[in-house]
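The structure under discussion appears below in the form of structure tokens.
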Amino acid sequence: MFGLVDGNNFYVSCERVFQPRLDGRPVVVLSNNDGNVVSRSPEAKQLGIAMGAPYFEVRQLLRQHQGHALSSNYALYGDMSRRVMARLADQVPAVEVYSIDEAFLDLHGLTTFCGTLDVRAQRIRRDVLACTGIPTCVGMAPTKTLAKAANRLAKKYPELHGILRLDTNSRRERALRALPAADVWGIGRQCAHLLTAHGIRTAWELAGVSEAWARKHLGGVVGWRLIQELRGQPCQGLQPSEDGTLARQSISCSRSFGQRLTAFDDLWGAVTTYLSRAAEKLRAQGDQAHILTVFISQDRYDTCLPPPYTRSTTLTLPSGPTSNTLQLLAYARHLLERLYEPGRQYVKAGVVLDGLEPPGRGQQLSLFAPPAGAVLPAPDAGRAQQLMRSLDALNRQFGRGTVRPAATAVSGDQPAPWLGKAQHRSQAYTTRFDDLMIIL
DNA sequence: TCTGGGGTCCTAGGACCC
DNA sequence: TCTGGGGTCCTAGGACCC
């Protein structure tokens with residue numbers, strides 16, 4: 001039996017823990033660059049503000065109703081998430097952290113000693129709320145897909161008091177009949193359109209399609225699994241997370257710029273900044289990467305431009321896996337030079353690190369000399385590692401970016417040209433001493 | 001005027017291997 | 001003229017998730 005715990009309006013709930021004045025009002029949290037709405041309070045949902053709506057489209061409406069828009073504050077949300085996950089890990093045999101605000105639970109055997117599953121689920125909700133201030137809902141079912149569906153319905157129908165258990169066929173049927181097919185986990189916009197075109201409206205009808213049809217129209221094996229799970233046949237197990245964190249198979253960092261950039265050096269400054277951050281995350285996870293991707297994007301909303309808007313290039317590092325920022329930067333520079341075209345206007349850039357593995361595994365090196373310029377002179381591994389450790393320690397102690405590559409430097413007091421907007425950011429209440437709440 | 005970021009998984013074609 | 005089968009890896013792109 002799986003459980004799925006999901007924070008209600010997670011980012012807004014995090015903000016409300018520290019700003020009770022936001023209670024009862026329409027509140028939204030914006031994406032990076034204050035671009036789109038990524039979290040909405042129930043009051044904001046009632047105003048008809050859609051998930052993902054561009055901020056400029058809803059700003060006026062929000063103002064009319066004395067609402068608030070906040071820039072996203074990932075330091076706060078990340079820390080609140082860790083606290084929630086820690087509470088969950090305390091109460092069930094295993095937890096799989098699925099996203100910043102969601103976790104699958106292993107509910108196996110919980111009923112034997114501790115009353116019914118429903119009682120346990122309510123206890124989990126009360127505990128998380130009491131210890132972190134975050135309201136949640138819990139879905140329970142024999143498959144992950146059904147647990148997601150149960151959670152969805154628990155959020156939608158207040159009379160369920162935040163929990164729903166789908167452990168019998170009759171409960172499953174009732175629930176799936178009440179759930180639109182488009183709300184099933186794994187059904188995105190494209191598939192939703194296709195289902196509508198075929199007259200499939202509810203999750204129950206979706207569960208009734210033939211396996212051949214699912215394979216043909218819903219993405220091959222992915223669609224087949226989805227149908228199996230809706231019918232109660234598990235196709236995915238729980239993948240427990242160690243220390244309440246999620247080990248990643250890839251690490252990326254990308255940002256939209258605050259303005260259009262054309263100069264190579266500006267783009268290089270941005271890529272340097274993002275790669276430094278990505279490498280930092282890589283080291284924090286204790287891994288090395290051997291595949292590096294750099295991409296730059298033009299404005300996809302510019303109707304005068306032909307697609308593709310994003311150009312990317314990927315390199316398998318000829319010198320093997322590394323987590324050394326300076327080494328990665330040398331490769332990234334070559335990749336960016338390959339992508340960059342003078343005169344074009346770029347709005348976004350990013351890097352992706354793939355092929356992650358812990359250091360010390362046998363490294364496969366190239367037998368032959370790589371092309372000139374493709375490989376750095378091998379740095380002294382020990383000293384390079386020590387340098388990165390010092391870098392991370394300084395940035396941890398004195399704040400991100402205290403020590404950073406010179407390419408990210410900007411003359412004078414100018415803000416870096418690639419920096420985006422974050423005009424409504426709340427404080428890092430739980431992770432910076434200077435931002436601690438003061439209660440008078 | 002303004003329209004995010006960080007992930008996962010799958011597919012498909014080509015090059016290449018035995 | 002006929003021209004296999006079973007793989008891997010790479011790259012690019014698409015769909016989906018939160």
Side-chain angles (χ1 to χ4, degrees), chain A residues 4 6-11 28-40 50-60 69 71-72 74 77-78 81 96-104 144-145 148 151-152 182-194 215-226 235-236 239 246-260 274 277-278 281-282 285 290-293 295 297 299-303 307-317 335 339 347-356 364 420-423:
Chain A
L4 179 72
D6 188 329
N8 302 345
N9 335 304
F10 185 67
Y11 296 170
V28 300
V29 171
L30 304 173
S31 61
N32 260 340
N33 224 6
D34 292 345
N36 300 66
V37 172
V38 293
S39 182
R40 308 159 293 158
M51 188 66 172
Y55 177 43
F56 72 89
E57 284 179 12
V58 302
R59 188 164 34 202
Q60 197 53 37
S71 303
S72 40
Y74 289 103
Y77 312 149
S81 172
E96 174 185 340
V97 178
Y98 176 68
S99 75
I100 195 164
D101 72 329
E102 271 180 67
F104 286 102
K144 283 183 166 180
T145 304
K148 288 281 287 186
N151 185 285
R152 185 112 187 180
D183 289 352
V184 170
W185 189 39
I187 298 297
R189 223 178 14 173
Q190 307 289 325
C191 279
H193 274 135
L194 186 131
R215 273 185 187 275
K216 184 169 176 206
H217 294 102
L218 302 177
V221 67
V222 181
W224 179 83
R225 282 200 292 246
L226 190 152
C235 298
Q236 318 172 57
Q239 296 170 306
L246 202 49
R248 297 290 185 187
Q249 298 175 44
S250 74
I251 289 174
S252 62
C253 182
S254 65
R255 295 279 183 282
S256 295
F257 311 138
Q259 54 183 302
R260 288 157 190 246
Y274 307 154
R277 178 73 192 119
K281 290 192 218 171
L282 180 67
Q285 186 176 306
H290 76 267
I291 301 172
L292 170 65
T293 300
F295 68 85
S297 303
D299 186 357
R300 68 182 188 279
Y301 298 102
D302 187 338
T303 47
Y309 302 104
T310 296
R311 289 196 53 213
S312 77
T313 181
T314 299
L315 175 72
T316 300
L317 305 187
L335 297 182
L339 291 173
V347 299
K348 179 178 179 176
V351 302
V352 186
L353 298 171
D354 271 299
L356 309 191
Q364 182 63 57
K421 289 175 291 195
Q423 296 177 343

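Proteins come first, then strands; the chains are lettered A, B, ... in the order of their sequence lines, and each starts at number 1.
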So, do A/Y301 and B/dT3 meet the stacking rule of ring centres under 5.5 Å and planes under 30°? yes

With the side chain defined as heavy atoms from C-beta on, A/W185 is closest, among B/dG5, C/dC18, B/dG7, to C/dC18

Measure from the side-chain heavy atoms of A/Y74 and tell me the nearest of B/dG4, B/dT8, B/dC2. B/dG4

Separation of atom [atom1] in [X] from atom [atom2] in [N], rounded to whole Å:
X: A/Y274; N: B/dG5; atom1: OH; atom2: P; answer: 8 Å
X: A/K348; N: B/dG4; atom1: NZ; atom2: P; answer: 7 Å
X: A/R189; N: C/dA15; atom1: CZ; atom2: C1'; answer: 10 Å
X: A/K148; N: C/dC18; atom1: NZ; atom2: C1'; answer: 7 Å
X: A/Q60; N: B/dC2; atom1: CD; atom2: C1'; answer: 14 Å

Would you find a donor on one side and an acceptor on the other, under 3.5 Å apart, between the side chain of A/S39 and the backbone of A/V28? no

Which base sits across from B/dC10 as a Watson-Crick or G-U pair, both distances under 3.5 Å? C/dG13

So which nucleotide does C/dC18 pair with, by the Watson-Crick or G-U wobble rule with both distances under 3.5 Å? B/dG5

In terms of ring plane angle, is the pair A/Y77 and A/F10 parallel, tilted or perpendicular, where the classes change at 30° and 60°? perpendicular

Classify the nucleic acid contact of A/D101 as base, sugar-phosphate or nothing, counting any heavy atom under 4.0 Å across all strands shown. sugar-phosphate

Starting at the 5' end of DNA chain C, which residue's closest nucleotide do you reach first, A/T310 or A/I291? A/I291

Pairwise C1' distance for B/dG4 and C/dC17, with rounding to whole Å: 14 Å

